[in-house]
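Structure, as structure tokens:
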Amino acid sequence: MDSGIVVSTIGIFMQVIFDKYLSSKLEQWAGRANLGGEFQNLYHQLDMAKAILASLKGSPVMEEGIWQLVRDLKSSAYDAEDVLDELDYFRLIEIVDGRSEDKFSASMALSSPSALRKAFHLSGASLLPPFKKARPTFDPVSCDWYSVSCKMKSVSDRLQRATAHIERVAHFKKLVTDDMQQPKFTNSRQTSSLLTEPEVYGRDEEKSTIVKMLMETEFSNIQNRYKSFLVLPVVGIGGVGKTTLVQYVYNDPAIITCFKVRAWACVSGFLDVKQVTIDILQSIDEEGHHPFISSLSLNNIQTMLVKKLEGRKFLIVLDDVWSCSNWELMCAPLSSGIPGSKIIITTRHHSIANSVGTISSVTLRGLQDSPFWSFFRQNAFGDASMVDHNLNLIGRKIANKLNGIPLAAKTIGKLLHKELTTEHWMSILDSNLWELRQGPEDIMPVLLLSYQHLPANIQRCFVFCSAFPKDYSFCEEELIFSWMAHGYIQCMRKDKTLEDTAREYLYELASASFFQFSTTDNLYRMHGLLHDLASSLAKDECFTSSDSFPEGIIDVVRHLYFLSPDHAKFFFRKFSLIEHGSPSNESIPGRSPGHSLELNNLRTIWFRDSTISLSDACDDGFWKMSINYKRIINLRMLCLNHINCEALPVTIGDLIHLRYLDLRFSDIAELPESVRKLYHLQVLDVRCCKNLLKLPTGINNLISIRHLLVDASSKSLAGYAGISYIGKLTSLQELDHFNVRKGSGFNIAQLKELRDMGQSLSIGYLENVGSREEASNSGLREKYRLVELNLLWNNNLKNGTSDAEISILEGLQPHQNLRHLRITNYRGSASPTWLANDLHTKYLESLYLHDCLGWEVLPPLGQLPYLKRLHFTGMGAILCIGPELYGSNSLMGFPCLEELHFENMLEWRSWCGVEKACFFPKLLTLTIKGCPNLQVLPVQQWSDQVNYKWFPCLAMLNMQNCPNIDQLPPLPHVSTLSRISLKNAGIISLMELNDEELVISGISDLMLERRFFLPFHNLRGLKSFSITSCDNFIVQPLKVQGKHGISEVSTTMHDAGCSLSNIGELKICGSGISEDVLHEILSNTGILDCLSIKDCPQVTSLELNPMVRLDYLIIEDCRALTALKCMKTLIHVSELTVLRSPKFIEGWKNLVEEAERSHLGITASLTRLHIDDLSFLTMPICRTLVYLQYLMIDTDQQTICLTSEQEQAFGTLTSLKSLVFSECSCLRSLPARLHQIPFLKSLHLSSCESIDSLPHLGLPGSLERLFIVGCDLLREKCVEGGTDQHKIAHVTEIIL
């Protein structure tokens, strides 16, 4: 890696220090502390160091000598950050101490460096009493101003010496030029349309996708901002093969034929419109190579391009696009082509693809294992016919480290090919990728190019990610908190927070393909090669103990990440972090002499999900040891996930620089009071700490805390509710719960100072607020970043008045930016004006009103333009809902509402509609539960017969325990309503509708006849209908208004011209299925394979859609079914089941006779028949059953013996292979001509107890399987020695 790039990262770190500390706030404070001179000197030395690093950034590769000096300079810069952070810590102490300016100045006069030096000369021990007297609340060691002054001078001197040394050495080596400006970065990469690879591996699928998109995407089907062309982005990290793939597509014969004009331009960097236009012209034909074309104006050049493209269909490739500035200007002449023209861009940035693309992007990932290995093998072994087995194994291991990136395979393959020896290949396997010498077109320089295009503030965030293990999955929160802890996030805009800025950085890294986001788990992952790049830029500052023990940690390491419990124990022993009550200079068992790690350098220690037991780290056990945090005092980030430790040592308070303390899933039972001294702490995460019962009493001193993360649902941990004077935590970003108490420390005024409050805020026990003025003192109206607000009164409260609560709620007016509001147990009778009259909260997206028992009239919420979710629960005083809710101005009727929920509205009686108004246009979910007195619904507005229909997009309806509803609307009233759950709603006992099934049953004790209407045209595609009839409950198809005002049954799919879909099997059952209902179901049914009609006593006729081709028909328990009107449909039936439907035979007979008159073979395809009446065999149908292979006679309780006609019928079944008699209890004998069935292979007799013998002439010789079960008389004849045993001797499989 070019040392200049690494130097650049050091310069970025220097900028972090400037951004964080060298501000007017700290500078002024240092001046008042009589440290202004030291501060200015340190500022000057840092500025000089920054300038020297800037001059080295563009210099040639530095030798080791100067690199060591740069490392020393960086180490001094870290020390400068530490001392400035310590100074800032003292500034925070002053704020926490809260003393006046005069007292502060007095104490500063005493504790200034000159006074301290004088005091030390007089008496070393005499300093302490007056110091404690001046600052009684301070730790005298923490406020050693003389020590701070000495540190600042020492760091300044080290910076000055390091800077001077670098300057002299650099000048001597002539590395520093007179021009101190950083050379402008240029990208010299050039590509062409010619294939650079003889064979393209593993991209056939992507190529086919792109070719199909280019040739088949219709211009008219896409909302396109361009007149005649579409833009297809191809996105992926550097080296993944975007250019090669597009070359592959560009030269495809189908593409060449489709696009008469093709052009290729390599952008590579800033989008130079003039140069790109020239490249396109030159790519089209020879005229573009005019010698003076570069001297022409952009207007003339673009005019030339217009003439070349006019009236022609073109394909233009813009390769390696890094910026979309001037994009519209570049596209101006391209509109002269004809529709169907395409532009392909390749880019590493998803944001560019989203900005300019008009077709969905094609995102390239690494190659699959098999094609990647083939490509890697080709580069590593070349054309070698014989490959050494050991090299093959080593090569596999190397390939696995490259994550499928073709350019990486090419880079490493070339290095391997130079020397086909085990030693050479092992050295590459054991090396880091960035340590291998590479050319400008190899993988690491290509990836480095992406890094250099990032803004400097995002570069430092990327480099830090090398602190995490490879293939680690980041959640957004931990990345943001980590970057903040190390000061990488600085926000200069008042309308944005550090978190907002960090989130933008994260999205930018994801957009530039540095991170890959998974929607399945909402986690980010960094590609392995990009992790290598970050590691090379971090230059040994990060160490992860993923594979080996941390033996080789060197002194420059700043960030430690431990995955293994064994590694953690080793770390504790090796570096003496655990003390046993012995002095620090004593020998500690397990400590290796001469270890190289300088613990004071550490900024991060992370024990990740490793179930570490601190007691295991020391043989003497936990209670005899403590962690010596003074040795790691400069930590910014300490993560102890899953640590098996009940308490943290008191010395944790010594970590004055700590910003992020993560104790999730640990066994911590209490936090020491010394935590209150962590004034820099920004994040304290104690979620999922099941043993933690309380927070320290002094936690309100954490003046910098932004995120105090506790389990909101924890019953044992009081969390926020137990923090007095929480208003002192002025940086807090969210407050899940705050309970108002009477008296100081917990009054609602504590919220006023929390001006940066964002996300959510929940305020409980509002009955303890005395007046509107006191409520207004909460400052809610000024909290412009607040997203969610929850206001709660105590539900057990008996005292108090409605008027008082109205006044208090009025004073709790939030900022208009609020998005989500929840009000619980409010007892006032009226709405606050900010929610009713002036609609101050116009940006609300959700509103929940729970158990507000006195609220009588709802505000005009229908006028809220962005409201999506509205819940009313336990609103006991609401009697009627009507126009007052919908609003009265031009914006009314809930234009964006998607979810409406009513529950436990015990007194609610009517929901009134409004004529000539289309309300709830986007509502998706409607729930009405536990409203026992509700009688009136806006039924008319639900109907599809009105011009102003409500709920046109409704998808889910849930209505339960509303027994007094007078009239239900026809359901589903729209085809989008695919989920219905009605239970005890009006006349409906149960109605369940999902994507495949409809179940309906009515109330059983209705006194008068009641009808429920089903619009079957909205029920197309269902696979099951079950309708149960009860007394006086009737289900009917919805009649629609036809021509001339005549009521007709709803339109069928055939009449409407709808396309038929194959739904497979359709099941219809229930006593509520009437003739009309069945007709409607079948008229609105698509293509069927199987139709099952069961338990439909009302059905007398069956008529199927002539468009339906039926294979399997099941009729059971349809005793009135007589007429069949579906001859054309039944022609192709191959399987038929008829049980307990005695009149069906007559209908079938009539159908067959009609078919014969029409010369149609109605049963020619029947191969399986399942019946319960042997008389079926005497019908003319049996003459046509020439293809029947399976016959089952089931539960025939009447036939004793077969008639001659039935015997003769069996003789016609020449194709029969399987015959079953089941539960024919009266049947005494089997068909006498059974032996004449030539292909019968299986005979099954079950529970036919009257059959006492096999046929006299025996069984057919083809029989292979015989099952006799529950036929005791026959069994006795067939067992060994029985009279019929000889008749079954030829059967191979017999079960008796």
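Keep in mind that the numbers below use all heavy atoms, side chains included, and drop hydrogens, waters and symmetry copies.
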So which atom in [X] and which in [Y] form the shortest heavy-atom distance, rounded to 0.1 Å?
{"X": "Tyr507", "Y": "Glu476", "value": "OH-OE1, 3.3 Å"}
{"X": "Glu670", "Y": "Ile668", "value": "O-CG2, 3.4 Å"}
{"X": "Leu729", "Y": "Leu702", "value": "CD2-O, 3.2 Å"}
{"X": "Leu635", "Y": "Thr604", "value": "CD2-N, 3.6 Å"}
{"X": "Tyr679", "Y": "Ile93", "value": "CE1-CG1, 3.4 Å"}
{"X": "Leu835", "Y": "Leu844", "value": "CD1-CD1, 4.0 Å"}

Let me see the working for Val463 and Cys542 under side-chain contact (heavy atoms from CB on, under 4.5 Å), right down to the final yes or no. CA-CA 10 Å; Val463 173; Cys542 305; over 6 Å; no
Kindly compute the distance separating [atom1] ([X]) from [atom2] ([Y]), expressed to the nearest 0.5 Å.
{"X": "Ser731", "Y": "Ile703", "atom1": "OG", "atom2": "CD1", "result": "6.5 Å"}
{"X": "Leu812", "Y": "Ser778", "atom1": "CG", "atom2": "OG", "result": "5.5 Å"}
{"X": "Leu678", "Y": "Leu92", "atom1": "CG", "atom2": "CG", "result": "11.5 Å"}
{"X": "Ser473", "Y": "Gln516", "atom1": "OG", "atom2": "CD", "result": "10.5 Å"}
{"X": "Ser846", "Y": "Leu897", "atom1": "OG", "atom2": "CG", "result": "10.5 Å"}
{"X": "Met484", "Y": "Gln490", "atom1": "CE", "atom2": "CD", "result": "10.0 Å"}

Measuring only between side-chain heavy atoms, which start at C-beta, is [X] closer than 4.5 Å to [Y]?
{"X": "Tyr784", "Y": "Gln816", "value": "no"}
{"X": "Ile480", "Y": "Arg503", "value": "yes"}
{"X": "Arg741", "Y": "Tyr765", "value": "no"}
{"X": "Leu84", "Y": "Phe39", "value": "yes"}
{"X": "Leu695", "Y": "Leu708", "value": "yes"}
{"X": "Asp685", "Y": "His707", "value": "no"}
{"X": "His871", "Y": "Glu899", "value": "yes"}
{"X": "Val96", "Y": "Arg676", "value": "no"}

Pairing donors with acceptors under 3.5 angstrom, does anything connect the side chains of [X] and [Y]?
{"X": "Ser744", "Y": "Tyr725", "answer": "yes"}
{"X": "Ser323", "Y": "Ser325", "answer": "yes"}
{"X": "His680", "Y": "Ser704", "answer": "no"}
{"X": "Tyr505", "Y": "Asn457", "answer": "yes"}
{"X": "Asn354", "Y": "Ser351", "answer": "no"}

Counting N and O atoms only, with roles assigned by atom type, does the side chain of [X] sit under 3.5 Å from a partner on the main chain of [Y], one being a donor and the other an acceptor?
{"X": "Lys783", "Y": "Leu751", "result": "yes"}
{"X": "Asp500", "Y": "Thr497", "result": "yes"}
{"X": "Trp834", "Y": "His840", "result": "no"}
{"X": "Gln459", "Y": "Tyr451", "result": "yes"}
{"X": "Arg869", "Y": "Leu867", "result": "no"}
{"X": "Thr347", "Y": "His349", "result": "yes"}
{"X": "Glu810", "Y": "Thr833", "result": "yes"}
{"X": "Glu673", "Y": "Thr697", "result": "yes"}
{"X": "Asp79", "Y": "Val155", "result": "no"}
{"X": "Asp662", "Y": "Arg664", "result": "yes"}

State whether the number of non-hydrogen atoms from other residues, nucleotides or ligands found under 6.0 Å of Lys868 atom NZ is greater than 12. no
Are more than 12 heavy atoms from other residues, nucleotides or ligands located less than 6.0 Å from atom CD of Gln40? yes
Salt bridge or not for Asp82 and Arg603, using N-O below 4.0 Å? yes
Whether Arg772 and Glu774 form a salt bridge (side-chain N of Lys/Arg under 4.0 Å from carboxylate O of Asp/Glu) is what I want to check. no
Apply salt bridge (charged side-chain N to carboxylate O under 4.0 Å, His left out) to Glu477 and Arg687, showing your working. CA-CA 13 Å; Glu477 180 183 83; Arg687 288 173 293 185; 2.5 Å; yes
Which of Phe517, Phe462, Phe514 passes ring-ring contact (aromatic ring centres under 6.0 Å, His included) with Tyr524? Answer is Phe517
Assess the pair His486 and His559: is the distance between their ring centroids shorter than 6.0 Å? yes
Yes or no on side-chain contact (heavy atoms from CB on, under 4.5 Å) for Ile633 and Asn600, after CA distance, side-chain angles and deciding distance? CA-CA 6 Å; Ile633 195 170; Asn600 280 334; 4.2 Å; yes
Could you go step by step and tell me if Arg636 and Asp85 meet the side-chain contact (heavy atoms from CB on, under 4.5 Å) rule? CA-CA 11 Å; Arg636 267 63 171 175; Asp85 200 56; 3.8 Å; yes
So, using ring-ring contact (aromatic ring centres under 6.0 Å, His included) as the criterion, who are the partners of Phe468 when residues are at least two apart? Phe464, Tyr472, Phe474, Tyr561, Trp606
Only one of Thr841, Leu809, Ile808, Ile823 clears side chain to side chain contact (heavy atoms under 4.5 Å, CB included) with Pro832; which? Leu809
Under the salt bridge (charged side-chain N to carboxylate O under 4.0 Å, His left out) criterion, do Arg785 and Glu499 qualify, and how do the steps go? CA-CA 12 Å; Arg785 294 190 56 252; Glu499 292 78 5; 5.3 Å; no
For Leu684 and Leu671: C-alpha separation, side-chain torsions, deciding distance, then whether side-chain contact (heavy atoms from CB on, under 4.5 Å) applies. CA-CA 11 Å; Leu684 174 60; Leu671 296 174; 4.2 Å; yes
